Amino acid sequence: MPRPIQATIHTEALRHNLARLRASAPDAKVWGVVKADAYGHGIERVFEGLRAADGFALLDLQEAQRVRALGWRGPILLLEGVFEARDLEQCSRLNLWHTVHCDEQIDMLAMHKTREPHRVFLKLNSGMNRLGFAPQRFRAAWTRLDALPQVGEISLMTHFSDADGPKGIAQQVRVFNEITRDLPGERTLSNSAASLRYGADAAVRADWIRPGIAVYGSAPDYPDHDIAHWNLQPTMTLASRLIAVQQLAPGDTVGYGSHFTADAPLRIGVAACGYADGYPRHCTTGAPVLVQGVRTRIVGRVSMDMITVDLTPVPQAGFGSEVTLWGRASNGAVLAIDEPARAAGTLGYELMCALAPRVPVTVE
Ligand SMILES: Cc1ncc(COP(=O)(O)O)c(C=O)c1O
């Protein structure tokens, strides 16, 4: 019998969240961002739920190949563009659109032999200082690309550093609009946070939005807002069961390092889920979990294969009871992935991407 741990991908929730993001910028086309194996969900597993996207954005040629193998004939965008010259052959073969963010990528294009001109997304570094041409160099890059027979349509792109925080996007939008004002071509600016928070703002209206995390049921600006506020649904549930119950007396401790000490009689459950399943070890006493759909807390340290949970709010729970680490419990109760992520000092992104290969996944 396999360990009682299971992840479930919720197709209907993916559909709902994608539609929710589309509604945030109704005039824009939507890239379904499926990099990092669809944020840990699995490209093949999310494809049905994200079929209504206008295109798929990702990083990796292998991932692009997988999307084509699923029968997708529409747009695919490489968000970081190519890494070496021969990647361009794959772009030609698979009809991939690609980001151009540096001179080296233009050099590679200039040497590339292709029958069909490539569609490229020229990236402006509007302040994030990760990828993209600096504002003063952007026009020269555009002119150079425009002169290449290997290049067809040139679209314009930037990425926000602070769409989820107090600094916001105004300065980067100003830079982007100023630099690109009289250039032709489609535009794409917004990630999830910008789409949800500023989608209605005329200054960021664009041809495409690129939402990732919100489509996967995590609030990009948690804890300022949660998924209920943004009307998003969990797309991944990580669930386990209790494999043992212990009755503690006052003074008894739990787990490695005796990290938790009971100050009163306490019934605890042991769930089959640990850091080797992708549950963060930084979640410790107080991190939220659901047992039989009832909210309770972890007590003690997360170990490789087990966690220990306080059963006080669920006295009826026992061996075999359902434990929801994140997502949706059988009774419909929701524990957004953002909550354990915050308890671990990280983000929903990291938890969903770190789901361990040993966890069996089903699609619902
Ligand atoms: C260029 C680009 N666009 C869009 C996204 C999607 O961002 P998010 O998952 O925050 O919506 C990312 C993710 O980091 C990205 O790097």
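Start at 1 and go down the list; that is how both ligands and their atoms are numbered. Note that this is a predicted model, so its numbers are computed, not measured.
- Trp31 does not carry Arg210 over the face of its six-membered ring by the limits of under 6.0 Å from the centre and within 45° of the normal.
- Under the side-chain hydrogen bond (donor to acceptor under 3.5 Å, both in side chains) criterion, Arg174 pairs with Gln171, sequence neighbours left out.
- Sorted by chain then number, the residues whose non-hydrogen atoms approach ligand 1 to under 4.0 Å are Lys35, Tyr39, Leu79, Lys123, Arg130, His159, Asn191, Ser192, Arg210, Pro211, Gly212, Ile213, Tyr349.
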Determine whether Thr11 and Glu364 satisfy the following criterion, side-chain hydrogen bond (donor to acceptor under 3.5 Å, both in side chains), listing intermediate values before the conclusion. CA-CA 6 Å; Thr11 303; Glu364 165 193 286; over 6 Å; no

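- Note: Trp72 and Phe47 have perpendicular aromatic rings, judged against thresholds of 30 and 60 degrees for the angle between ring planes.
- Within the structure, every pair that satisfies the ring-ring contact (aromatic ring centres under 6.0 Å, His included) test and touches residues 215-265, not counting sequence neighbours, is listed here: Tyr39-Tyr216, His41-Tyr216, His225-His229, His225-Trp230.
- Judged as a side-chain contact (heavy atoms from CB on, under 4.5 Å), and not counting sequence neighbours, the contacts of Val294 are Pro313, Val314.
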